[in-house]
Amino acid sequence: EKYEEVTSAWLPIMQTTAYYVALEEGLFEKACIKVNSNKMQSPNHIIDALVSGRADFGPPGAAAGIAMIAESKFPGTFKVFGLQGGGIKINLINDGLIVQDGSDIKSFADLKGKTIGHVPGIQWRTITKHLVRAAGLDPDKDVKLIDLAVPQQIPAVLGGSVDATLSLEPVGSIAAYTDGVTRAVINPVAQTIADPFYSGAAVLTTKFIAERPETARKIVEIIDEATALAMADFEKYKSIIPKYTAIRDTQLDLLAKPYLRGFKDINETDLNSYQSFVDVFVSEKVLSEPMDVRTKMLSLSDFGGN
Amino acid sequence: MRNFLPHLKGQPSSASNGSSETISSLISAWFGRQNWFVYATGPLILLFVWWIAYFFTLVDKSLLPSPFATLFDTGVNIATGDVMNDFWFTFVRVFYSFAIAAIIGVPLGIVLGASDRVYRSVEFIIDFFRSTPATAMFPLFLLLFGLGDFSKIAVAAFAALLVVVFNVAYGVMNARQTRILAAKSMGASRMQIFVDVIFFETLPQTFIGLRTAVSMALVVIIVAEMFIGATDGLGHRIIDAQISYNLTDMYGSILVTGAMGYGLNVCFLVLEKYVIHWSGK
Amino acid sequence: MRNFLPHLKGQPSSASNGSSETISSLISAWFGRQNWFVYATGPLILLFVWWIAYFFTLVDKSLLPSPFATLFDTGVNIATGDVMNDFWFTFVRVFYSFAIAAIIGVPLGIVLGASDRVYRSVEFIIDFFRSTPATAMFPLFLLLFGLGDFSKIAVAAFAALLVVVFNVAYGVMNARQTRILAAKSMGASRMQIFVDVIFFETLPQTFIGLRTAVSMALVVIIVAEMFIGATDGLGHRIIDAQISYNLTDMYGSILVTGAMGYGLNVCFLVLEKYVIHWSGK
Amino acid sequence: MVIMKNENLVLDTFEEKDEAAQSSLISAPKPRTSYLTIKGLRKSFNDTIVYDDFDLTLPLGGFTSIFGPNGCGKSTLINMISGLMPMDAGEVLYDGQTIDETRISYVFQNYREALFPWMRAIENIHYPLKLMGIPKRDRNERIDRLIEDFGIKIDLNAYPYTLSGGQQQAVSIIRALVREPEVLFLDEPFSALDYEMTLLMREKLQAIFAKTKTTMVLVSHDLEEAVQMADKVVLLTRRPTRVAEIIDNSLPRPRDAASLVSNDFVALRSKCLEIFQRETRT
Amino acid sequence: MVIMKNENLVLDTFEEKDEAAQSSLISAPKPRTSYLTIKGLRKSFNDTIVYDDFDLTLPLGGFTSIFGPNGCGKSTLINMISGLMPMDAGEVLYDGQTIDETRISYVFQNYREALFPWMRAIENIHYPLKLMGIPKRDRNERIDRLIEDFGIKIDLNAYPYTLSGGQQQAVSIIRALVREPEVLFLDEPFSALDYEMTLLMREKLQAIFAKTKTTMVLVSHDLEEAVQMADKVVLLTRRPTRVAEIIDNSLPRPRDAASLVSNDFVALRSKCLEIFQRETRT
Ligand SMILES: Nc1ncnc2c1ncn2[C@@H]1O[C@H](COP(=O)(O)OP(=O)(O)OP(=O)(O)O)[C@@H](O)[C@H]1O
Ligand SMILES: Nc1ncnc2c1ncn2[C@@H]1O[C@H](COP(=O)(O)OP(=O)(O)OP(=O)(O)O)[C@@H](O)[C@H]1O
Ligand SMILES: [Mg+2]
Ligand SMILES: [Mg+2]
């Protein structure tokens, strides 16, 4: 049997869980696919790799916003085939507002004159700005926004360098169990932009689809299968997460289940949520023109005819 | 054969003619002595390689902008004062961190280097931190100095300091002893030997250290601006541009950073030619 | 006064007695000549300062673990082979990048440094990239060399190469001309002068460059492991520990990194004492 | 006689200088009458034993020449007795005191490396006086006088590395003399000087010696020079180095070029040569 | 006479050496009969004019001494005619050819910096032969013979920086001779050698000259030495440097220590001194 080689670039975060499951369950091998798997630390590096053709697909967890910014720069590069995030109604956590224990910051509205850290980069800066604005404050005057690398977030709050951070999982959960810091708001983004909210996406490059449609289709199927597995029994698959991410075995209990949507699962609600997210980029003037996310979603016709 | 290593046997630098020259005349003399072409070569090679890579699509075009588009964009950004603002913030931070490193590092290097035992005993610390990336030390510096400018300056100063101390101490340890003995025979005190002899004896190596350090300070400041919260500076500009796929801005900002680095080095080069007229003699 | 600068006037190193000594005997001679205490001082100072900071809570205790807890934890991690695995991956990457830098950098530095004009014309490129953080260059290296190990090695090799070239070229430019003239008078060809004279004449400076470069390679590899992403290596370990807020593991991994840096430097130190027996003479 | 013509000038100069010295914080070097004693000196480099239990006593205020074959340890000896090189064992006492109490000057055999290249020649000469804390005006005066007296025609505003070998050596000598030391060490100080300059320097040194009774220790390979200048010629053997003999020269001073052809002088010289050859041939 | 006793040995040695040379790729240095011509030489450092339109013609195969005051440009001159230092203007031709075609050796005035400190003394001596591509065995033979002939008692396994000044200079001389050059430049080559060694070296050099007619150019401040060794003594003035006079010395060779007291020699020496003093006093 001949193995097909496929290159992936992924982020070691919770939203990538389906990919871990696929690897652990040997789903790729079963489909005669050999994955050249590259762990990245920056979503931008993933997008770079995809744009330059160094990678064929971004497993779940690739930055959903950045992918669209890149898509606006290099139209027709990606197709989205999955979304990951969290939601209030479904009670799955994606993000949180982290503050010191005993802080008087209870919501974004309390941030006036304070400093808030966020994941570095345009995506989270825009989201944070939007949340601040939505809370009735001026992000340019009332609040100081600071790019703060993920590892620096808890120490910065603890040490008092910032008053709060808008942090992604698993930082929020770790914070919830760490002395001295606490999670003031759960899923603030979903509260403001859309519920559920998706900050992660799974993407394929159009180049890959065009050159090897059969393989691309298999990838989508595998991720779908793995997504279903992970969502069905997260407790079972939790234990493999330390192998791929920074989470330690001892922290497993803290882990919040992410909300993972496979290609098959995506419905109008999901698309609307994603569209709202992208619209924030437009309203915050990061994207100069409106963008319709529906045109960026994978459709079966992309695999050619059938 | 006749032209072999011409600079090694050329006339001594004009600096030996007197110290009354102004710095500006020095700079022009320095550049004038060799034609401008020499100094243009480096940037031209860089642009040329870039252009080749771009033109023949050796690298994906969507990720490597045209050098000319980049230069044009950067020019516009400079003209609007946009880049200059970030340039200035970065420059000030680099200046402070370098100044701290130099002012502490040179005397410290001389004193440590003067005794083998003393240097060996602190060598672990110096080599240890030289080999530890500033990025890994960010949490500690954040803790100690907070998120503000000062913690960026502190981490860059620390990195640059190690470089200065290492080079100066090495210079002292490799110094020839004849001149030290000469000063000693004239009754110079320990302190006087440090200031009047070892300092000068080490100066060529010190300059290497300072040049390495100024580039190091710039690198660390940029990295800090990229990764520890900053709202201005070239590092912040680079990461913003990187993240929003504003490629000409990103490469343009990198160009400006590199140019600042080169400029700082040229300052030292000019100063060095003026001060260390005796090197290789 | 009598004991001033003892090492500057001590006996020449035992290396002059013959090259038949084994490296191991050299190392023991090197360490033995000064008592172990000297070498223990550095680590002890570091631990002591750390302990003071910890014990008197100069830094928030939840952010700075106890040094002993850290050492203990690291010891356990080493014993389980966990750290050693990452250590080895990082070491191999550093080794390759350093080897590339040294093998290309030393000859290149000699050739560039031999002519003022040539060096001035490429100086822009060298100073430019020396002043640009490797992190800012990651996207370009990813583009050129793909996502695997090689792009990490390439970016570290590039950074280290610049350091080697800079130092070696400087060494050549500061070299004394008498010996070059002597070789020339004996009919040495350009190439022979490079290999037989300038190479050795520059060797003390080359070693400084190599030591700076090996630390630089380590730093960049760690940063690449941290920020480009890797599934092994100490950088990966550090960032994982940082993210999962595992303080003893984080500081322990930094300790191991620094220790590797020191160890690599000691190798060069020993080699240098053996090879450059004539420095300062 | 050429060499004579500056004699008075020298004496005058040093008379003036004494006054200057008194007015400028430095005690005039007073003639010593006691001894420089070297006892049980031992020195080896790696496996090479240079000195082993070496004893020597020299009068302070005298002029001693040291004469011996290459590599016998002359430079090593004066490095040790001037306190610049540590001894492996032994003791060197000046009038019962250590060298630290004594104002010395040293003209190094390796004259090219002893000048500070970052200072102009004139600044090099100023430096020892600066160390002594003498104010600029006094320094200038003192140096101008010395240079005029010696009739030095070197461009003293040049940096040392632009000077010829002989010029560098001349500057080294001037730098050593300007300090008006109590003990002056000279390690082959005239090796690069031209014919005239050598004669002049010998002359001047003798004049200074006659005037100030500064203790002088000269290493020279020129036997004529060694004997002409000295009260005592110390003849050393090959390594491991011993004193072969100490020859006294009590011929009247000043000893000019004419006196070098006197029978007494020639006899003395021959005696030294004989001992030297006997010791080095074996 | 001490100096004589090795004479035959030297001649033998060089006879053997010629054979060795023939068997080892090097053409034996053949005596030249034509001229080394220096025309329109100009050299200045910054504002200091050292040579301006300087002409000099010397016979190849002859022994020339250059004598002049410190800083007049002797080292500069032989640096230029040996091709080591660029001229500002002018031309130096050996028998019509440039220096590049000629096998030269050079003993530097600055002997301390001319040896390679990373090589042992013996490796330093080997180096020029290695450059000529001579196989190790032949090199060893040739060097052993030379060292034995010169009776060098230095530990040649030592590194240069552990040798005394004189020992370093001796090694430099040996290194220059072992190459069997067509033209040999010697810049104050004996300045640090002891009494015996100096005599020996003068002797050996003369023997080699007699045997091979190697062109030799010697700079020396020792007038006796300069005259003793030379066919022609070139007397230089102060800067800007001119040739004051060229004195021929056609006294019979070998000129040993005894011949230095002959009337002819003394007269020659006095004449040189007179010219020198006339030129340098003004
Ligand atoms: N740093 C050193 N290392 C090893 N050996 C040394 C060192 N310095 C001197 N020696 C040895 O000590 C001996 C004496 O050296 P020194 O320089 O005192 O001789 P010297 O009498 O001054 O000779 P010269 O007349 O040539 O100047 C020599 O054999 C030399 O090889
Ligand atoms: N690199 C230089 N820069 C400036 N001037 C120089 C340089 N080299 C030599 N000179 C000047 O050129 C002149 C000649 O120097 P050179 O060394 O040739 O003299 P010399 O005749 O060999 O003297 P000595 O007998 O002292 O060795 C001197 O006045 C010296 O100051
Ligand atoms: Mg000596
Ligand atoms: Mg000279």
Side-chain angles (χ1 to χ4, degrees), chain D residues 2 45-48 50 67-76 108-113 151-155 158-159 161-171 187-188 190-199 219-226 236 238-239 272-273 276-277 279-281, chain E residues 2 45-48 50 67-76 108-113 151-155 158-159 161-171 187-188 190-199 219-226 236 238-239 272-273 276-277 279-281:
Chain D
V2 191
F45 296 102
N46 302 326
D47 309 330
T48 317
V50 181
F67 194 81
N70 285 136
C72 76
K74 302 179 293 299
S75 301
T76 305
F108 289 86
Q109 180 179 21
N110 190 359
Y111 55 92
R112 273 181 197 268
E113 291 201 355
I152 298 285
K153 289 186 194 105
I154 301 169
D155 173 15
Y159 285 101
Y161 53 84
T162 67
L163 295 178
S164 77
Q167 291 171 331
Q168 287 178 30
Q169 200 170 38
V171 172
D187 196 351
E188 301 182 35
F190 309 143
S191 61
L193 298 184
D194 68 28
Y195 188 85
E196 281 285 277
M197 195 63 153
T198 307
L199 294 186
V219 173
S220 174
H221 287 307
D222 186 326
L223 187 52
E224 199 168 80
E225 181 174 283
L236 296 180
R238 289 201 179 286
R239 268 190 294 120
C272 289
L273 183 56
F276 174 75
Q277 289 183 332
E279 289 298 333
T280 55
R281 287 289 158 73
Chain E
V2 190
F45 296 102
N46 302 326
D47 310 328
T48 317
V50 182
F67 194 80
N70 284 136
C72 76
K74 303 178 294 297
S75 300
T76 305
F108 290 86
Q109 181 180 20
N110 190 359
Y111 56 91
R112 271 180 198 268
E113 290 201 355
I152 298 285
K153 289 184 194 109
I154 302 168
D155 173 15
Y159 285 100
Y161 54 83
T162 67
L163 296 178
S164 77
Q167 290 171 332
Q168 288 179 29
Q169 200 170 39
V171 172
D187 197 351
E188 300 183 34
F190 309 144
S191 60
L193 297 185
D194 68 28
Y195 187 86
E196 280 286 276
M197 196 63 154
T198 307
L199 293 186
V219 174
S220 174
H221 288 308
D222 185 325
L223 187 53
E224 199 168 79
E225 181 174 284
L236 297 179
R238 290 201 178 286
R239 268 189 293 119
C272 290
L273 184 54
F276 173 75
Q277 290 184 331
E279 291 296 333
T280 53
R281 288 287 159 75

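Chain letters run A, B, ... following the sequence lines, proteins first and then strands; every chain starts at 1. Excluded from the calculations below are hydrogen atoms, water molecules and symmetry mates; all remaining heavy atoms, backbone and side chain alike, are included.
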Using only atom types and a distance under 3.5 Å, with no angle test, would you say the side chain of [X] pairs donor to acceptor with the backbone of [Y]?
X: E/R239; Y: E/G71; result: yes
X: E/K74; Y: E/P69; result: yes
X: D/D194; Y: D/E196; result: yes

Cut-off 3.5 Å, side chains only: do D/E188 and D/S220 have a donor facing an acceptor?
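No, no side-chain donor-acceptor pair sits under 3.5 Å.
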[X] versus chain D, heavy atoms under 4.5 Å apart: side chain, backbone, both or neither?
X: E/D222; answer: neither
X: E/L193; answer: both
X: E/E113; answer: side chain
X: E/S164; answer: side chain
X: E/F276; answer: side chain

Mind checking ring-ring contact (aromatic ring centres under 6.0 Å, His included) for D/F108 and listing every partner two or more places apart, or none if nothing turns up?
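ring-ring contact (aromatic ring centres under 6.0 Å, His included) check on D/F108 returns D/Y106.
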Any residue meeting side-chain contact (heavy atoms from CB on, under 4.5 Å) with D/T76, in chain and number order, not counting sequence neighbours
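side-chain contact (heavy atoms from CB on, under 4.5 Å) list for D/T76, sorted by chain: D/K43, D/F45, D/Y51, D/M80, D/M85.
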Chain D: which of E/D187, E/L273, E/I154, E/L223 shares the most heavy-atom pairs with it under 4.5 Å?
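Between E/D187, E/L273, E/I154, E/L223, the count favours E/L273.
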Which one, D/G68, D/G165, D/G151, leads in non-hydrogen pairs under 4.5 Å with chain E?
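Winner by heavy-atom pair count: D/G165.
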Could you tell me which of D/M197, D/Q109, D/Q169 has the largest number of non-hydrogen atom pairs under 4.5 Å with chain E?
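Of D/M197, D/Q109, D/Q169, D/Q109 has the most heavy-atom pairs under 4.5 Å with chain E.
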Search all heavy atoms of E/L163 against all heavy atoms of E/A158 and return the closest pair with its distance.
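Looking at all heavy atoms of both residues, the closest pair is CD2-CB, 4.0 Å.
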Engaged part of D/F67 at the chain E interface, taking heavy atoms whose separation is under 4.5 Å
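Side chain only.
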